[in-house]
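Input: a single structure, listed below in structure tokens.
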Amino acid sequence: MGPIRRRLIWLCLLGLPHPAWAEICDKQRPDWDGLPVSAWAEMLALFQTPLALFLFLTTALAARLRRPWLGLAVVVGWSSYTMLVVTTDIRAAAIAEGCAGSPTLFIGVVAAICIGLVLYTAPLSKQPD
């Protein structure tokens with residue numbers, strides 16, 4: 001029973017996710033060097049995507065024009081992008097392999113951007129005389 005159990009343990013250990021066998025990492029991050037990705041690096045990578053850059057541009061435009069409806073549309077865009085980042089199975093597999101970091105810092109910064117934009121573009125209330 002000893003040698004069989006030992007072989008089963010080694011077989012189970014070999015089946016665990018390992019960076020050398022990461023097929024998803026070859027497709028998602030081809031320049032990955034094998035080191036685990038931090039939350040800061042993941043946040044920077046997510047903010048450098050074309051959709052995030054477009055959302056930054058529209059956020060600046062909504063803040064400059066101070067239009068509540070444009071601000072609402074930008075907040076919906078940021079929320080949709082965050083949902084796409086968090087809910088994909090591919091990202092979960094990449095996080096398990098180590099080539100993608102946790103998106104929690106990204107989510108927190110996006111939430112702060114959205115809250116700030118909503119508060120800044122909110123219509124000013126008139127004071128009663």
Side-chain angles (χ1 to χ4, degrees):
M1 185 94 162
I4 294 174
R5 185 180 302 160
R6 193 171 325 143
R7 288 182 190 140
L8 286 174
I9 290 172
W10 278 107
L11 185 64
C12 289
L13 288 176
L14 290 175
L16 291 176
H18 190 271
W21 299 334
E23 291 179 15
I24 195 75
C25 293
D26 293 339
K27 296 174 186 169
Q28 288 289 320
R29 308 260 169 103
D31 296 332
W32 181 52
D33 58 358
L35 297 174
V37 177
S38 67
W40 287 98
E42 186 66 21
M43 180 186 70
L44 290 175
L46 291 172
F47 278 138
Q48 291 176 357
T49 60
L51 183 57
L53 295 175
F54 173 75
L55 287 170
F56 272 128
L57 181 68
T58 54
T59 301
L61 183 67
R64 174 69 177 109
L65 297 177
R66 213 168 179 162
R67 302 279 187 231
W69 290 104
L70 183 59
L72 176 66
V74 172
V75 168
V76 169
W78 276 115
S79 301
S80 301
Y81 178 56
T82 304
M83 184 203 60
L84 288 174
V85 165
V86 173
T87 60
T88 59
D89 294 334
I90 296 171
R91 179 157 306 275
I95 290 172
E97 295 295 337
C99 62
S102 175
T104 54
L105 190 59
F106 171 76
I107 294 168
V109 172
V110 167
I113 290 170
C114 291
I115 290 169
L117 187 63
V118 166
L119 292 176
Y120 187 74
T121 60
L124 299 173
S125 63
K126 294 183 180 180
Q127 297 292 334
D129 291 336

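Since we're looking at a predicted model, the values are computed, not measured. Note that the numbering runs from 1 along the sequence shown for the chain.
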Hey, quick one: are [X] and [Y] part of the same hydrophobic cluster, counting side-chain heavy atoms closer than 4.5 Å, chains of contacts allowed?
X      : Y      : value
Phe106 : Val75  : yes
Leu105 : Val37  : no
Ile113 : Val74  : yes
Leu51  : Val109 : yes
Phe56  : Val85  : yes

Roughly how far, to the nearest 0.5 Å, is the [atom2] atom of [Y] from the [atom1] atom of [X]?
X      : Y      : atom1 : atom2 : answer
Cys114 : Leu72  : SG    : CG    : 10.0 Å
Ser79  : Ile107 : OG    : CD1   : 11.0 Å
Thr88  : Ile90  : OG1   : CD1   : 6.0 Å

Begin with the C-alpha distance, continue with both residues' side-chain angles, and end with the deciding distance and a verdict on side-chain contact (heavy atoms from CB on, under 4.5 Å) for Phe47 and Leu55.
-> CA-CA 10 Å; Phe47 278 138; Leu55 287 170; over 6 Å; no
Between the main-chain N or O of Thr121 and the side-chain N or O of Arg67, is there a donor-acceptor pair closer than 3.5 Å?
->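 Not at all, since once roles are kept as given, no pair shorter than 3.5 Å links the two residues.
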Scan for side chain to side chain donor-acceptor pair (under 3.5 Å) pairs involving residues 38-63, sequence neighbours excluded, and state none if there are none.
-> Arg29-Glu42, Glu42-Arg91, Thr49-Tyr81, Thr59-Trp78
Any side-chain heavy-atom pair of Pro103 and Ile95 under 4.5 Å = yes
Side chains of Val76 and Ser80: closer than 4.5 Å at any heavy-atom pair?
-> yes
Closest contact, heavy atoms only, Glu97 versus Trp32 =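 Closest approach of Glu97 to Trp32: O-CH2, 3.9 Å.
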